[in-house]
Amino acid sequence: MPEVDAKTNTANKPKSAPQKAMEKLGLLRDIDLALHLPMRYEDETRLTPIGQTREGETVQCEGEVIECRVETRGRRVLLVRMEDESGDLLLRFIHFYPSHQKTMAVGQRIRVRGELRHGFFGREMVHPTFKAVSEDTPLATALTPVYPASNGLPQTYLRRAIASGLKRADLGELLPSGVVPPSLPSLRDALTFLHHPPAQARLMTLEDHSHPAWQRLKFEELLAQQISQMQAQRERALLKAPALKAQRGGLVEKLLGVLPFGLTGAQQRVSEEIAQELALPQPMHRLLQGDVGSGKTVVAALAAAVAIDAGWQCALMAPTEILAEQHFKKLIGWLEPLGLKVAWLTGSVKGKARQKMLDAAADGSAQLVIGTHAVIEDKVKFAKLGLAIIDEQHRFGVAQRLALRKKLASMDLEPHLLMMSATPIPRTLAMTYFADLAVSTIDELPPGRTPIVTKVFADSKRFNVIEKIHDEVANKGAQVYWVCPLIEESEALDLNNATETHAELSAALEGFAVGLLHGRMAPADKAAVMAEFSAGRTSVLVATTVIEVGVDVPNASLMVIEHAERFGLSQLHQLRGRVGRGAVASVCVLLYTGPLSDTGKSRLKAMAETNDGFEIARRDLEIRGPGEFMGARQSGAELLRFADLQEDSGLLQAARRLAPQLLDKYPQAARRQVERWLGSKAEFLKA
Ligand code: ADP
Ligand code: MG
């Protein structure tokens with residue numbers, strides 16, 4: 001059980017607004033409070049003589065009020081003038097209460113803190129903090145922490161709560177002596193220092209987190225991560241899975257025989273890696289990563305063939321109906337001629353058809369079940385699920401992956417799990433979050449592809465781009481994707497934009513069919529539009545980002561992405577991967593609406609410079625940080641609060657060395673370390 005703060009645990013008392021705000025921030029346990037660190041500090045440890053204050057500085061001054069009046073011309077403003085031996089200062093309050101005038105009545109001694117401006121009437125401060133003092137009111141002895149807060153949670157309240165949480169929290173040393181790098185303070189000292197740094201502390205090293213106290217925190221956090229990963233790895237090793245071995249001359253060989261192409265070297269290698277692990281009686285937990293278009297589908301089909309050949313079922317799940325359907329079509333094309341039964345299960349399969357699919361999964365007559373999230377619903381039972389494959393794994397949440405693994409729980413076994421992703425995981429991230437994940441990488445594209453040429457244009461060139469499209473469509477029979485921007489949190493606007501563009505292109509390309517695909521369409525309508533485009537009956541497909549993943553139309557050779565500056569790099573790369581799937585040279589045009597920031601420019605430049613998904617993922621991670629990058633894995637929860645994977649790689653290495661030692665020699669301490677730092681999040685890191 002987590003240690004619950006006694007105050008917040010009194011369930012019957014109604015909670016105050018600040019209490020609720022604290023809960024929302026996850027500040028429940030004493031340790032949570034102790035680990036809620038200041039984002040900056042205010043220096044209330046000294047006074048600056050008014051005459052020595054400088055424009056733009058945030059300073060604290062003390063003196064006597066010599067004037068206090070409300071000006072009523074236009075807006076009511078409270079004006080207070082104070083002075084010390086060195087000069088005088090005007091305070092302006094646009095919002096004020098009668099109590100302001102009482103505290104700052106003429107003759108009162110006050111202490112104020114705020115940003116200094118040189119106004120028309122000399123030195124002034126707008127809305128400084130203020131308090132009444134006497135000659136001997138002491139100054140603060142430590143810097144004043146400013147904490148990340150939210151509406152309805154005043155700093156004063158938070159400061160008090162954190163100070164007492166820090167006192168109560170169990171911060172006893174968990175790590176045996178000698179294992180922490182000697183330059184680092186103890187956890188208790190580090191936290192005490194960071195919450196209340198002495199007046200002479202160097203603000204720079206505090207704020208850029210290079211101070212040893214920060215280093216200690218980062219080290220602790222990374223260590224907890226590493227231990228929890230290693231624990232998950234060891235727990236997984238104890239689980240049992242069916243050992244899936246392909247027969248000689250069986251399905252796998254037959255499948256290879258019907259494929260219209262030979263495997264690339266990389267496809268062969270990863271297929272072998274997968275087959276070898278499937279043959280073991282422990283559940284596989286493997287990521288298959290390969291750039292868009294690298295041919296992951298056939299590798300998945302081969303893995304499925306191994307499982308089926310061994311007498312087990314396989315489930316294949318994709319995040320969208322369109323993508324699931326593409327898999328379905330491709331796989332039945334390969335597998336049905338071999339006599340296999342493939343079931344299709346999505347949200348839009350209803351009634352009798354649905355029941356038939358459910359029965360086929362439950363009685364084992366369907367060897368392969370392909371679908372969307374519908375596959376993991378409770379109602380779906382498998383007779384003998386041996387292998388679960390998840391495409392675009394980052395689109396699925398932790399809970400969903402766990403649910404898939406439980407589909408076989410009744411037999412005391414877990415199915416093998418193969419996850420696929422076109423967004424490769426950079427090494428530092430893999431070391432931190434995916435320590436218990438085996439990775440197979442397809443690092444080679446199928447032969448005969450001509451690389452995609454990417455061009456970046458300002459939106460003012462839109463007309464020329466449309467002319468070019470006309471030319472390609474009319475003279476070369478080309479097919480074109482036009483991707484419309486993602487407008488955050490507004491599906492309606494998205495749609496509006498796509499509809500307008502659709503009308504614009506339809507008018508400009510008279511005589512050619514222009515299709516429209518967007519997120520609000522019913523799945524059946526989406527599929528129909530896709531089918532028209534696949535069959536070549538539509539020349540241009542205007543789409544919102546619903547085409548992001550998996551769509552495979554080899555004849556499409558031109559893609560235009562509008563407002564490219566609004567997309568993430570990996571997303572652009574995924575989108576771009578929809579073209580260049582055939583032998584024709586392909587072009588991707590990135591239209592942007594300026595002015596672009598420097599990062600904005602360098603991002604689009606990166607897209608034009610490289611077609612390498614690994615390189616793009618690396619740059620994307622740099623720009624967006626791991627939280628964003630991992631997307632659904634943590635669904636918003638913070639991953640690393642303090643450590644930074646790039647900057648703190650030295651600490652990460654040290655934590656990696658220490659974690660297994662702790663687990664082996666001090667398992668209690670290891671467990672408490674994880675509990676202290678990750679609490680309930682630890683479970684999630686295992687999925
Ligand atoms: P992704 O890795 O993006 O899922 P796909 O599996 O959709 O890629 O494959 C992209 C395209 O390449 C498909 O049309 C597929 O049939 C084709 N393909 C896959 N492997 C090969 C290969 N070894 N030789 C030729 N074409 C291949
Ligand atoms: Mg794919």
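For ligands, and for the atoms within them, numbers begin at 1 and follow the listed sequence. Since the model is a prediction, treat every value here as computed from it, not as a measurement.
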Part of Asp391 within contact of ligand 1 (heavy atoms, under 4.0 Å):
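It is neither part, as no heavy atom is under 4.0 Å.
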Can you tell which part of Gln267 has a heavy atom less than 4.0 Å from ligand 1: side chain, backbone, both or neither?
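Looking at Gln267 and ligand 1, just side chain atoms fall under 4.0 Å.
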Could you work out, for atom 16 (O) of ligand 1, the closest of Lys296, Met420, Lys330, Gln268 by heavy-atom distance?
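The residue whose heavy atom sits nearest atom 16 (O) of ligand 1 is Lys330.
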Closest candidate by heavy atom, reference atom 3 (O) of ligand 1, pool Gly295, Gly613, Gly293
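Selected option, by shortest heavy-atom distance: Gly293.
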[X] heavy atoms, cut-off 4.0 Å: which ligand 1 atoms fall inside?
{"X": "Thr297", "answer": "4 (O), 5 (P), 6 (O), 7 (O)"}
{"X": "Val292", "answer": "3 (O)"}
{"X": "Gly262", "answer": "22 (C), 23 (N), 24 (N)"}
{"X": "Thr264", "answer": "23 (N)"}
{"X": "Ser294", "answer": "2 (O), 8 (O)"}
{"X": "Asp291", "answer": "2 (O)"}

Nitrogen or oxygen of [X] less than 3.5 angstrom from that of ligand 1:
{"X": "Val298", "value": "no"}
{"X": "Pro554", "value": "no"}
{"X": "Trp334", "value": "no"}

Any idea which heavy atoms bring [X] and [Y] closest together, and the distance?
{"X": "Gly477", "Y": "Asn555", "answer": "O-ND2, 3.7 Å"}
{"X": "Val380", "Y": "Leu345", "answer": "CG2-CD2, 3.8 Å"}
{"X": "Ser557", "Y": "Val579", "answer": "C-CG1, 4.0 Å"}

Pair Arg462 + Asp459: basic N to acidic O under 4.0 Å
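Answer for the salt bridge query: yes.
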Assess the side chains of [X] and [Y]: does a donor N or O sit below 3.5 Å from an acceptor N or O?
{"X": "Ser440", "Y": "Glu273", "value": "yes"}
{"X": "His563", "Y": "Glu565", "value": "yes"}
{"X": "Ser365", "Y": "Asp363", "value": "yes"}

Please verify the inter-ring angle class for Phe512 with His470; under 30° counts as parallel, over 60° as perpendicular, anything in between as tilted.
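Phe512 vs His470 ring planes: perpendicular.
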Taking side chain as C-beta onward, heavy atoms only, is Leu516 less than 4.5 Å from Val529?
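Side chain of Leu516 against side chain of Val529, heavy atoms only: no contact under 4.5 Å found.
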